[in-house]
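Accompanying notes for the structure given below.
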Amino acid sequence: MRTAQSRDRYRRPLKNSMLALFTASCATLAVTSCSGGSGGTEAKPSATKASEKPSPTASADPQAAGKREVLATYRKFWAAQTKAYAQASTKGTGLEEYATADALSRAEGDVASLKKSGLVVKGEPQIHPEITALALGKKVPAATITDCVDISRWKQIVTKTGKEEPLGKANLRRYKAVVSAEKWGDKWMILKIDPQAHKC
């Protein structure tokens, strides 16, 4: 299992954070990415909410079991992140249980920016994650997730007034994300999320 010292080396200065992906014309959560588009396609019927958990299924296949474990952690990460955005605070969300390194730094940076701006984000995204790489035989097992995130139901709310502040028209409501994860000890951790500036 990684020590505190080894985990610290993953932390980087908060650059290109989710919010930092936005310019003055895209002043909202950077997980949407900036683009000339104004939304995405309809969500697939198979889409799952970030807080939904996959139903457990017994399997003797290590690869299948590993994929389920990674995806379960990813969904829990999204649920915790969504809760943090909704209250502009990571307190009580358990976010650090599922994310570390760049992924945790980005989420914490987003939350800090929301709080500073007097905003919260309500609503729940839909995610469509798929495991595109899984290496269980490595010294530190690793996985890559490719996701299509739909945040069209998110609403940006001004904390003091409770009124909605519309998202900029240039913001993508549905975008691709590439996610890196590693297994530290007996649990998977989300290390990095790379939002792509195009629709999926």
Side-chain angles (χ1 to χ4, degrees), residues 1-2 7 9-12 15-18 20-21 29-35 37 39-82 95-107 110 124-154 171-200:
M1 183 179 294
R2 302 288 176 94
R7 288 194 297 268
R9 71 184 178 85
Y10 274 95
R11 293 187 177 276
R12 304 183 181 92
K15 60 181 180 178
N16 298 326
S17 70
M18 291 182 178
L21 291 178
L29 286 178
V31 290
T32 59
S33 299
C34 290
S35 171
T41 57
E42 293 296 323
K44 297 178 183 178
S46 60
T48 57
K49 292 182 178 180
S51 61
E52 288 181 359
K53 299 178 181 179
S55 56
T57 304
S59 174
D61 182 357
Q63 288 285 319
K67 289 180 179 180
R68 286 197 302 272
E69 290 173 2
V70 176
L71 291 176
T73 295
Y74 181 65
R75 291 188 175 96
K76 289 176 181 177
F77 160 77
W78 258 109
Q81 181 174 240
T82 300
L95 185 63
E96 70 281 356
E97 295 180 22
Y98 314 113
T100 188
D102 187 67
L104 181 59
S105 293
R106 287 187 179 209
D110 287 348
E124 191 163 3
Q126 288 190 317
I127 56 177
H128 310 69
E130 295 181 357
I131 303 295
T132 49
L134 182 63
L136 298 178
K138 296 177 63 176
K139 184 176 181 180
V140 178
T144 300
I145 302 169
T146 299
D147 193 6
C148 184
V149 182
D150 184 344
I151 59 152
S152 58
R153 297 179 183 178
W154 268 5
N171 298 342
L172 284 176
R173 305 295 193 269
R174 188 179 172 98
Y175 65 93
K176 181 180 178 181
V178 179
V179 183
S180 300
E182 285 185 352
K183 191 172 186 179
W184 292 7
D186 60 354
K187 64 186 296 186
W188 286 91
M189 298 291 289
I190 304 302
L191 267 62
K192 184 177 182 180
I193 298 181
D194 185 14
Q196 307 294 300
H198 56 78
K199 294 184 289 186
C200 58

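Quick caveat: nothing in here was measured; it's all calculated off a predicted structure.
For the pair Cys148/Gln126, no side-chain contact is recorded, criterion being any heavy-atom separation below 4.5 Å from C-beta on.
A salt bridge links Asp102 to Arg106: at least one charged side-chain nitrogen sits closer than 4.0 Å to a carboxylate oxygen.
A distance of 13.5 Å separates CZ of Phe77 from CD of Glu97, quoted to the nearest 0.5 Å. Here the CD1 atom belonging to Ile127 is positioned 13.5 Å from the CD1 atom belonging to Ile151, to the nearest 0.5 angstrom.
Between the side chain of His128 and the backbone N or O of Asp147, no donor-acceptor pair lies under 3.5 Å. Although no hydrogens or angles enter the test, the distance criterion places a donor-acceptor pair under 3.5 Å between the side chain of Arg174 and the main chain of Cys200. Without hydrogens or angle criteria, Lys76 side chain to Leu95 main chain gives no donor-acceptor distance under 3.5 Å.
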Determine whether Tyr98 and Leu104 satisfy the following criterion, side chain to side chain contact (heavy atoms under 4.5 Å, CB included), listing intermediate values before the conclusion.
CA-CA 9 Å; Tyr98 314 113; Leu104 181 59; over 6 Å; no
Determine whether Lys176 and His198 satisfy the following criterion, side chain to side chain contact (heavy atoms under 4.5 Å, CB included), listing intermediate values before the conclusion.
CA-CA 7 Å; Lys176 181 180 178 181; His198 56 78; 3.8 Å; yes
Is there a side chain to side chain contact (heavy atoms under 4.5 Å, CB included) between Trp184 and Leu191? Walk through the geometry before answering.
CA-CA 11 Å; Trp184 292 7; Leu191 267 62; 4.2 Å; yes
Evaluate the side chain to side chain contact (heavy atoms under 4.5 Å, CB included) criterion for residues Thr73 and Ile190: first the C-alpha distance (whole Å), next the side-chain angles of each, then the deciding distance (0.1 Å), finally the verdict.
CA-CA 8 Å; Thr73 295; Ile190 304 302; 4.2 Å; yes
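Remark: Ser180 pairs with Lys192 by the side-chain contact (heavy atoms from CB on, under 4.5 Å) rule, at least two apart or across chains. Annotation: salt bridge (charged side-chain N to carboxylate O under 4.0 Å, His left out) contacts of Lys183 (sequence neighbours excluded): Glu69.
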Would you give me the side-chain donor-acceptor pairs under 3.5 Å for residues 132-144, sequence neighbours excluded?
| residue | atom | partner | partner atom | Å |
| --- | --- | --- | --- | --- |
| Thr132 | OG1 | Thr144 | O | 3.3 |
| Thr132 | OG1 | Thr146 | OG1 | 3.2 |

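Residues Asp150 and Tyr175 have side chains that never bring a donor and an acceptor to within less than 3.5 angstrom of each other.
Nearest heavy-atom pair across Gln196 and Leu172 is O-CD1, 4.3 Å. In this structure, Trp188 and Ala181 approach most closely via the heavy-atom pair CZ3-O, 3.9 Å.
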